[in-house]
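One structure below.
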Number of protein chains: 2
Amino acid sequence: MSSPDDKRRTIRDVAKAAGVSISTASNALNGIGRTNAETREKVKRVADELGFRPNALARGLLTKRSHAIGMLTNDTYGRLTLPMAAGVSEILVDHGVSLFLCATNNDPRLAKLHLDALLDRQVDGIIFTATRIDLEPPPELLKLGIPVIYAFAQGPADSVSFHPDDAQGARIAVQHLHTLGRSRILHITGEQNYLAARIRADAYRELAGPSGQVMFGEWSEEWGHSAIDTVYSQSGPKPDAIFCGSDEIARGVIDALRDRGVSIPDDVAVVGFDNWEVVSKQTRPPLTTIDMELKELGHRAGLAILGLSRREKLEPGIVRLPCSLVARGSA
Amino acid sequence: MSSPDDKRRTIRDVAKAAGVSISTASNALNGIGRTNAETREKVKRVADELGFRPNALARGLLTKRSHAIGMLTNDTYGRLTLPMAAGVSEILVDHGVSLFLCATNNDPRLAKLHLDALLDRQVDGIIFTATRIDLEPPPELLKLGIPVIYAFAQGPADSVSFHPDDAQGARIAVQHLHTLGRSRILHITGEQNYLAARIRADAYRELAGPSGQVMFGEWSEEWGHSAIDTVYSQSGPKPDAIFCGSDEIARGVIDALRDRGVSIPDDVAVVGFDNWEVVSKQTRPPLTTIDMELKELGHRAGLAILGLSRREKLEPGIVRLPCSLVARGSA
DNA sequence: TGTTTTTGATAAAACCTTTTATCTCCTATA
DNA sequence: TATAGGAGATAAAAGGTTTTATCAAAAACA
């Protein structure tokens, strides 16, 4: 069962095999201090032959940097978190830093448990993510002694947060519709108590002018459907374009319009928000929508926490990252 | 900026404050060795007051157990991985074990990088997950020296894997339709080169009898739609129930049926597979479907890797976990 | 009273690195 | 030739914990 080379090689093994002291081996491998080029090469070669890899625990214990960071999320479903986590991890892995993922399920007890575990492991920093930008983060995060970055979540005043630029996203959606020559644009979106919904609606109103009309509701397909029913049961001019607050709402809108024999995009153009591909690629026609670039958000959050963990200073405040428009068939 | 209690307390601080030696403090805190009940209490109280938490790096270095495990996944989208990861983490956190999440993006270079990082960190074990059960895992996993569990992925012969029980899932779907009195059941599913699709189809055929018919295609809504077009363009008796290989396919099927004025579930009952709520809750009517219990799968994988990391023996082989039927309106 | 156990506590080693302070040659300078 | 300086290597300390071996004192025994 256990092979002879079962045990891991230590730097002591390397030193002995190369016929040098432990300190020389360390210096050679790290290219630090004064070492003869020849011995340096030899040590490196021997280390390679032995398959030596330094023990991150021992190194972290000494250097006070564990090269690990924790990601605390309250989202189990994964629509937002995993793309961001993948982005974070993608950046970190190139810097030799690993990522602890902690799903708190919105349970404060679990959050505390995870947070303590992260601190015990001496993580170099923490990224907190939520599923909306206007929820208070766990108060324990405030007085931590290690850097914290907020991604897709609200941080305290002197912290660094990364959000999608909801206003800009709404603007490029409306501008795209303007480019298509549409002028009677309707905005059907989710719950008004979501900050993101309000920001997008405000940006929409600025561009849409006096004819602009916002319908708040729920974040569901159902609501998109019933909103269309309402619109078409009223008299008066009908919209020639609809900007939806989510892809799910857009899907309901598209289905309801098709039921009524309205042609998309000829009669009514539709733009969604999220670029959640399971939805946006499957509507008929496929949905033109706004992508929040979650992976890029993860990249930026990862770079930020790396910087902070190296004691670099970062301008506090909310960084809003641009969204992009993904053109498919619906507009 | 830096408060006086900025630095973390060590066991040395506890020992000094309690007026005992380091070894006594350690023994008392861990309830090990011979310690007077009185001193034990005192040490614990002092540790509590000081907010002492042991350094996991130092502990891991000595005990050879890092109390961390790694999860290697090739899925960035998150539909399967995050629910499983949440299940794994839920189990682990209660045992004081943390989870490194490594998304490899199906990139062998990245997989190697992550794997090396995990080994450097002395993880106690690795869980490998894929998005289908019949892909070869990275060969590096085989000769690792630490335990590996395969979840939703194929492992080598002598390994422990956890899969959803696709056959049982298909059976309860068909049985449910039988219970509703349906006898002409059709199976519309995804690509035949997926093992899961073949297993489900075989189980379906056993129960459906000679009238059973399987249509393989793609894992898309589009395919569900066109499959229905095919069925209804042919002459002959029409099915009174359809068992679909995924929720997305089921959605296409439902939409196509509705377009044709077929009533669901009265004329045709529809059952899906996945219980991917963004789809299954949004169809009209909402979709009756099979849930693969991914979180439970994560639980089991977590328990298994915990066991292995404690050198407990586990029966090698594939453990198939039962699926459940979620009844909504479509059947 | 003298000897053996038992109890409770401790010093020190160990885990694997990195880093600081030393030490030994060798070469260049005066 | 004697000395300073530099190159290259090393011993030892440090980091925070667990564990083994040791030790002193108190309790039990003869």
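So that the names make sense, note that chain A is the first sequence line, chain B the second, and so on, each numbered from 1.
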Hey, is the side chain of A/Ser21 pairing donor to acceptor with the base of D/dA11 inside 3.5 Å?
no
Looking at A/Ser23 and D/dA11, is any side-chain donor or acceptor paired with a base atom of the opposite kind under 3.5 Å?
yes
In terms of side-chain heavy atoms of [X], which of [options] is nearest?
X       : options                : value
A/Asn30 : C/dT18, D/dA9, D/dG15  : C/dT18
A/Arg59 : D/dA9, D/dG16, C/dT17  : C/dT17
B/Ala58 : C/dT19, D/dG16, D/dT18 : D/dG16
A/Thr24 : C/dC16, D/dT18, D/dT10 : D/dT10
A/Ser26 : C/dT18, C/dA9, D/dG16  : C/dT18
B/Arg34 : C/dT19, D/dT17, C/dT7  : C/dT7

Under 4.0 Å between any heavy atoms, over every strand shown, what does A/Thr10 touch: base, sugar-phosphate, or nothing? Just pick one.
sugar-phosphate
Just to be sure I understand the rule, does B/Ile22 reach a base, reach only the sugar-phosphate, or reach nothing, if contact means heavy atoms closer than 4.0 Å?
base
Please say which of B/Ile318, B/Leu141, B/Val160 ends up in a side chain to side chain contact (heavy atoms under 4.5 Å, CB included) with B/Tyr150.
B/Leu141
Please figure out whether A/Ile11 or B/Ala37 has its closest DNA chain C nucleotide nearer the 5' end.
B/Ala37
Which residue lies more 5' along DNA chain C, comparing B/Thr39 with B/Leu61 via nearest heavy atoms
B/Thr39
What one should report as the nearest heavy-atom pair of A/Val46 and A/Val14 is CG1-O, 4.0 Å
Heavy-atom closest pair (B/Ala58 atom, A/Leu61 atom, distance to 0.1 Å) is CB-CD1, 3.9 Å
Please state how far atom [atom1] in [X] lies from atom [atom2] in [N], giving the value in whole angstrom units.
X       : N      : atom1 : atom2 : answer
B/Leu57 : C/dC16 : CG    : C1'   : 12 Å
A/Lys42 : D/dG8  : NZ    : P     : 17 Å
B/Arg9  : D/dG15 : CZ    : P     : 16 Å
B/Glu38 : C/dG8  : CD    : C1'   : 12 Å
A/Asn55 : C/dT18 : CG    : P     : 10 Å
B/Asn36 : D/dA27 : CG    : C1'   : 15 Å
A/Asn27 : C/dT19 : CG    : P     : 9 Å
A/Arg65 : D/dA14 : CZ    : P     : 23 Å

Is a side-chain donor-acceptor pair under 3.5 Å present for A/Ser23 with A/Ser26?
no
N/O (side chain, B/Arg12) to phosphate O (OP1/OP2, D/dG16) under 4.0 Å
no
With respect to the phosphate group of C/dC16, does any side-chain polar atom (N or O) of B/Lys64 fall under 4.0 Å of OP1 or OP2?
yes
Give a yes or no answer on whether the side chain of B/Asp48 reaches the backbone of B/Lys44 with a donor-acceptor pair at less than 3.5 Å.
no
Taking the nucleotide of DNA chain D with the closest heavy atom to each, which residue, B/Thr63 or A/Arg40, is nearer the 5' end?
A/Arg40
Drop me the distance from A/Ser21's OG to A/Arg12's CZ, to the nearest 0.5 angstrom.
11.5 Å
